[in-house]
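One structure is given here, and the rest of the page talks about it.
We name chains A, B, ... by the order of the sequence lines, and we start the count at 1 in each one. For clarity, every value in this text was computed on a predicted model and none was experimentally measured.
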Amino acid sequence: LRDCQQADIKYLSEWKQWKRTSSKSLKKVLNEVKELSSYLELWRHDIHSIEGKFGTGIQSYFSFLRFLVLLSFIIFILMFSFVTLPSIISKYGIFNSSFAKIPPKNVELHCTIYKPSGNKGLTYFYTYLKDLLSGTGFLEVTSLFYGYYTIDAAWLSILRYNLPLAYLLATFAYLALSLLWIIKRSVEGFKQNLVHGEDQFQSYCNKVFAGWDFCITDPNAARLKHRSLQYELQTDLEEERLKRKIAERTMKEKLRIYSLRIFINIIAIAVLSGCFYSIYRATVFSQENSNDISNMNFQANLLVQYLPSMVITLANFIAPQIFSFLIRFEDYSPAFEIRLTLMRCIFVRLANIGVLLFSLWSQISYCATDECKACGYNYKLYPCWETEVGQEMYKLMIFDFIIILAVTLFVDFPRKLLVTHCSCKPVQWCGLQEFGISDNVLEIIYGQTICWIGTFFSPLLPAIATIKYFIIFYIKKISLMHTCKPAARPVRASSSNFFFLVVLLIGLVLAFIPLGISIAHIPSSKACGPFRSFNTSWAVVPDTILELPTGLQQVLYGIASEAFAVPFFMVICLIMFYFIALAGAHKRVVEQLREQLVMESRDKLFLIRKITEAQRH
Amino acid sequence: AYKRFSELLPKEERENACSARVPKRQILTLPELRANPFQHRICRVFSTSDDGDDSMSFEDFLDMLSVFSDSATSDIKSHYAFRIFDFDDDGTLDRKDLEKLVNCLTGQGEESRLSNMEMEQLIQNILEESDIDKDGTINLSEFQHVVSRSPDFASSFKIVL
């Protein structure tokens, strides 16, 4: 390469030479800047060493975790600076600021009574612990929960700060930010998958020519990589043989297998409904019984408070085991088996949160008396229902964190000790634990979905999430280094990055639904929070629009009307069709060029034959 | 990089490391190459020594690092990868080259090799995918074509010091 360049230099004019040297020095400067900025990257050295020892599949999990830490931190900064900081400033009167609590008009008095009992006087120590773990008591009145922000208007010096609007807009902002950031990250993976996913027959070349990860420096890791490559190639070949066998199936066999599959899907749906029903009952029980605290001692109360979280964790643990047991009977190809089990597990985890929230709402909106109907929600049990929901999310998050810690401490490390010191057959057969990438990824995506849903009800939750992920990184890293053996079935980095982001996107979209219903459909509590004077939380926006100048109002009404939305939608559809047609045309061009290449080589052979014939005469 | 190279030389030659040549077995002690099954091929490809002993000078070392770095284009990488995989140096990857390549990937023991039938099936599949002119071997342009559509090549064909 260098020789080529040096030969070129003699022929180029001076202007081009100067351009070349300046572009080289610019490249050097950019490289230095990139190097410097990579030092600022969080955990760069840790992830690099993990990559060297365990390969790119596991490294992609840790990069994903780092992405979530950054995302949670940015969400926290957003909510803190627009919601919490102005509230604190106006409540403590810094910079000559003040706030106003305007009692809502046209609302019955009984709806507006809310007396959260922060701990006053002498309390037992364990009350503090219980409050810390379940978000009640002294935590309930802090800025952690929605109830603190009972401010209808705030004045920072002379500027009027519309806190309700800010609260709602900050919520939309963090959702939009998460959506855009995830889409930006997944665009690359999507491009690859769309182009290469069609070419199933490229997989062998990819595995053989790009299979060896040149970053591996440890001989142990190299040995394991050899074994995993061998295993992967053998599985692929076997799958191909299986596919050929499936194509030759008779009609009778097909009928038998399809009916078996339908039966097993019915069983899976039954298992799911069982999980959902048990979560519903547990939530209802917990809500009913945690409200008479006086009859129970400390431990029982904590148990009842945490009952939904425990049932969800249990369901999240049992359901995947059942699914991986069932899928063996369905006789799919191994790759499809893995994907289907994964899809079912994702669905279970995310739907569990949905069921919990649904059962909470059914409790909150359950209205038997007329007084209750006047408020729109069950004001006796839930004078400030947003804080209750926030507390449930807080409990879920804390419990999730405790479970991860407990599993690492009490399952992984003893297992390693057992395997290294005890040499009896069953223990050795169990062996060391493998780092299950998909299980771990589902865990943290579950945590992030809780964070997204919970941030509206508890603005400081992202900070807890950031700290939690930060600690989890180190726990998982230590557990990986000391107790795990590399997976026998390797996961390719390119497809897994995209897959993680797709599942995260599913979680985000699923988080939109509960938030949308809470904001737009359920009446906001009249006793606390910034939305007291509005019917629902969404009602802030129409009210603010009415205060804008009429010109702007007309524009906004125009955008939201049908006359604009329908043509806009049609234009978007047209653009999409155009791009799909373009992609199809490109693929056809690629096919044609390939055929041309084959033709050329045939022409070459033909010409060579002609030449040899001519030479002979 | 200069530091790493000069560490490989014995003490007395360190001053003029720019012009010294490091014998092959010293190069193979580098941690990045130690675990690599293609170590011998890498030394052979990048070494410019005239007597075929695969020793590398500092220039060769830099060449090797630049090809394996992040900033090398995929053209350069695929060109050098082709040369590394071409075990008999004949300019094409034929069946024997592919067989040796697969054996390097799966490991050095007897039990870690694929069976004959599997090897046949695998080589058949590879040639089906990449051999466009159907001559039974893979030449440089076919190799570059197939590698350019491989999503993992860029991330796996790199060494970072």
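- The number of heavy atoms from other shown groups lying within 6.0 Å of CG (A:Asp603) is above 12.
- Using a 4.5 Å cut-off on side-chain heavy atoms (C-beta onward), A:Trp212 and B:Ser156 make no contact.
- To the nearest 0.5 Å, atoms CD (B:Glu118) and CZ (A:Arg241) are separated by 5.5 Å.
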Derivation and outcome, ring pair (Phe, Tyr, Trp, His ring centres under 6.0 Å), residues B:Phe157 and A:Phe209: CA-CA 10 Å; B:Phe157 202 73; A:Phe209 293 137; over 10 Å; no
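- In this structure, the portions of B:Leu122 lying under 4.5 Å from any heavy atom of chain A include both its backbone and its side chain.
- Only the side chain of B:Met117 comes within contact range of chain A, judged by heavy atoms closer than 4.5 Å.
- For the atom pair CG of A:Leu237 and CD of B:Gln124, the computed distance is 12.0 Å after rounding to the nearest 0.5 Å.
- When heavy atoms are compared at a cutoff of 4.5 Å, B:Ile123 does not approach chain A at all.
- There is no contact between B:Leu127 and chain A, counting heavy-atom distances below 4.5 Å.
- Of the two parts of B:Phe153, the backbone and the side chain both hold a non-hydrogen atom closer than 4.5 Å to a non-hydrogen atom of chain A.
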